[in-house]
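Report on the structure given below.
Here, residue 1 is the first one in the sequence, and each next residue gets the next number. What you see below is based on every heavy atom in this structure, not just the backbone, and it leaves out hydrogens, waters and symmetry mates.
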Amino acid sequence: STHSIITKVKKKKKMNDSYRMPEKDWQQVKALPGNNKCADCDVKNPEWASVTFGIVLCLECSGKHRGLGTHISFVRSITMDSWTEKQLKAMKSGGNDELNNNLNEVPMKNQQECTSSRIREKYDNDKAQLYKIQLKAEIEGKPKPMTLPTKNNDSKKVISKKEKYQGIGSSPPPQKSSSSNLAILIVPVVVVLGTWIVSNLK
């Protein structure tokens, strides 16, 4: 019947809608400066995104972002993937122009210039890493860090002889007492004196 057909169409539409960015959110993301074309080249109407950097990408450049690894750039499809609230917030807080202005980058004129090595050069560096951390802090409502966190670089500590014996279950280093030192001096004298007395009694 007509009613059952309409019900099936509605169900199918609902399923499809659950695997794409909600239209109202996409309209907000698309309206951000520079989001009318790919963040890395001049291809218009991009339908892919790097959630990590809050940018939209064309199909070709999204593949190169996938090649960087998810630890550098996490890629999602606008039309084929489901989206969490946190991911949507990242996309609304970012934007292509925002990223390129921060990295002092200009999108390449065509996809031929947009090579994998060029993409890695753009995104796998300290400046891009800092932008990524700042965007994450913004969506979590935390203060934006102005520098990258310092890496632990513990230098090897030179342990003194005294410190070597310190700690739980360690005994202190042996110490020579003053009485021991005196005994070392007296013993030879007694031996010599005894020998002299014996020789004179003969």
Side-chain angles (χ1 to χ4, degrees), residues 13-151 153:
K13 185 179 185 301
K14 192 174 181 181
M15 281 182 65
N16 290 339
D17 287 347
S18 66
Y19 288 99
R20 64 162 292 136
M21 184 183 287
E23 187 60 30
K24 62 181 179 64
D25 295 305
W26 173 228
Q27 291 304 321
Q28 290 180 50
V29 172
K30 196 160 61 170
L32 292 174
N35 282 13
N36 61 321
K37 61 182 182 179
C38 176
D40 296 326
C41 70
D42 64 349
V43 173
K44 293 181 179 178
N45 302 316
E47 293 191 344
W48 292 80
S50 167
V51 181
T52 313
F53 293 99
I55 55 174
V56 289
L57 305 162
C58 68
L59 176 61
E60 191 74 23
C61 290
S62 73
K64 294 181 175 73
H65 273 254
R66 286 186 190 276
L68 296 174
T70 55
H71 64 292
I72 296 177
S73 184
F74 181 62
V75 176
R76 305 293 284 168
S77 168
I78 303 294
T79 59
M80 294 184 290
D81 287 324
S82 57
W83 289 76
T84 66
E85 284 300 317
K86 191 173 180 180
Q87 290 170 348
L88 291 170
K89 197 169 182 181
M91 295 304 299
K92 293 173 191 176
S93 301
N96 290 3
D97 280 3
E98 183 72 16
L99 170 94
N100 285 321
N101 289 339
N102 271 274
L103 301 187
N104 295 321
E105 291 278 355
V106 177
M108 282 147 272
K109 293 178 181 179
N110 53 61
Q111 289 181 335
Q112 285 69 37
E113 291 181 19
C114 199
T115 61
S116 296
S117 59
R118 181 69 187 87
I119 292 292
R120 182 168 292 280
E121 184 185 327
K122 180 177 178 178
Y123 293 97
D124 191 7
N125 59 67
D126 287 348
K127 191 182 284 188
Q129 175 74 8
L130 179 59
Y131 180 84
K132 183 164 61 174
I133 292 171
Q134 288 176 334
L135 181 62
K136 187 173 184 287
E138 184 178 340
I139 65 176
E140 291 176 352
K142 296 176 182 178
K144 280 186 180 182
M146 301 313 293
T147 56
L148 284 173
T150 53
K151 295 177 182 177
N153 189 21

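Inter-residue side-chain proximity for Asp40 and Lys122 is flagged as met; some heavy-atom pair is nearer than 4.5 Å. For the pair Trp26 and Thr79, the minimum side-chain heavy-atom distance is 4.5 Å or more. Side chains of Trp83 and Asp25 form no contact here, defined as non-hydrogen atoms less than 4.5 Å apart. In this structure the side chain of Ser116 never reaches within 4.5 angstrom of the side chain of Ile119, judged on heavy atoms.
Taking CD from Gln87 and OG from Ser82, the interatomic distance works out to 7.5 Å, rounded to the nearest 0.5 Å. To the nearest 0.5 Å, atom CD of residue Glu47 and atom SG of residue Cys58 are 11.0 Å apart. The distance from the CD1 atom of Ile139 to the NZ atom of Lys142 is 10.0 Å, given to the nearest 0.5 Å. To the nearest 0.5 Å, atom NZ of residue Lys144 and atom CG of residue Leu135 are 8.0 Å apart. For the atom pair OG (Ser73) and CG (Leu57), the distance works out to 6.5 Å, reported to the nearest 0.5 Å. Atoms CZ and CG, from Arg120 and Leu68 in turn, are 5.0 Å apart once rounded to the nearest 0.5 Å.
Ring geometry, Phe53 versus Tyr131: the interplanar angle falls under 30°, so the pair is classed parallel (tilted spans 30 to 60°).
When only modelled atom types and interatomic distance are considered, Glu138 and Gln134 share no side-chain donor-acceptor pair under 3.5 Å.
The number of heavy atoms from other shown groups lying within 6.0 Å of CD (Gln28) is above 12. Within a 6.0 Å radius of CD in Glu85, no more than 12 heavy atoms belonging to other residues, nucleotides or ligands are found. When the shell of 6.0 Å around NZ of Lys92 is examined, it contains more than 12 heavy atoms from other residues, nucleotides or ligands.
Scanning all heavy atoms of the two residues, the minimum distance from Asn102 to Glu98 falls at ND2-O, 2.8 Å. Here the closest non-hydrogen pair linking Lys132 and His71 is NZ-O, 3.1 Å. Closest approach of Asn104 and Lys127 over heavy atoms only: ND2-NZ, 3.3 Å. In terms of heavy atoms, Pro145 sits closest to Ile133 at CG-CG2, 3.5 Å.
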Report task. Check step by step if salt bridge (Lys or Arg N to Asp or Glu O under 4.0 Å) holds for Glu105 and Arg118. Result -> CA-CA 11 Å; Glu105 291 278 355; Arg118 181 69 187 87; 2.6 Å; yes

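Using a 4.0 Å cut-off between a side-chain N of Lys or Arg and a carboxylate O of Asp or Glu, Glu60 and Lys64 qualify as a salt bridge.
Using a distance-only test at 3.5 Å, with no hydrogens or angles considered, no donor-acceptor pair links the side chain of Asp42 to the main chain of Pro107. At least one donor-acceptor pair under 3.5 Å links the side chain of Asn101 to the backbone N or O of Asp97. Of the possible donor and acceptor atoms, none in the side chain of Asn35 sits under 3.5 Å from a partner among the backbone N and O of Ala31. Here the side chain of Asn96 pairs no donor or acceptor atom with the backbone of Ile55 at under 3.5 angstrom.
Shown are His65, Arg76, Arg66; of these, the side chain to side chain contact (heavy atoms under 4.5 Å, CB included) with Trp48 is made only by Arg66.
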